[in-house]
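Only one structure is covered here, and it is reproduced in the block below.
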Amino acid sequence: MLADNLPALRSAAPDGVTLATTPATCWYPDQDPAAVAETVRRYRDYLAAA
C-alpha cells in the first residue's frame, strides 16, 4: 500500500509538497463512520482552499 511507503515518499517529495494521511479512504467499505467523516472534511477543506 501507498501508506507503507510514506516515509520514502516524504523524503522524495519536492520542496513545497506536503503529503498528508487521512484516517480513512474514500473507496473501502465498512470503515469507522467518524474516520470517513473526518477524511471527507479534509478533502472538502483542501478543495475549498484551492
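Applying the salt bridge (Lys or Arg N to Asp or Glu O under 4.0 Å) test to every pair with at least one member in residues 37-50, sequence neighbours left out, gives these pairs: E38-R41, E38-R42, R41-D45. Screening residues 11-24 for side chain to side chain donor-acceptor pair (under 3.5 Å), with sequence neighbours left out, gives no hits.
Smallest separation of non-hydrogen atoms from V36 and Q31: CG2-CB, 3.8 Å. Nearest heavy atoms, P23 versus T39: CD-OG1, 3.3 Å.
Two different hydrophobic clusters hold L47 and V40 under the rule that ILVMFWY side chains link at heavy-atom gaps under 4.5 Å.
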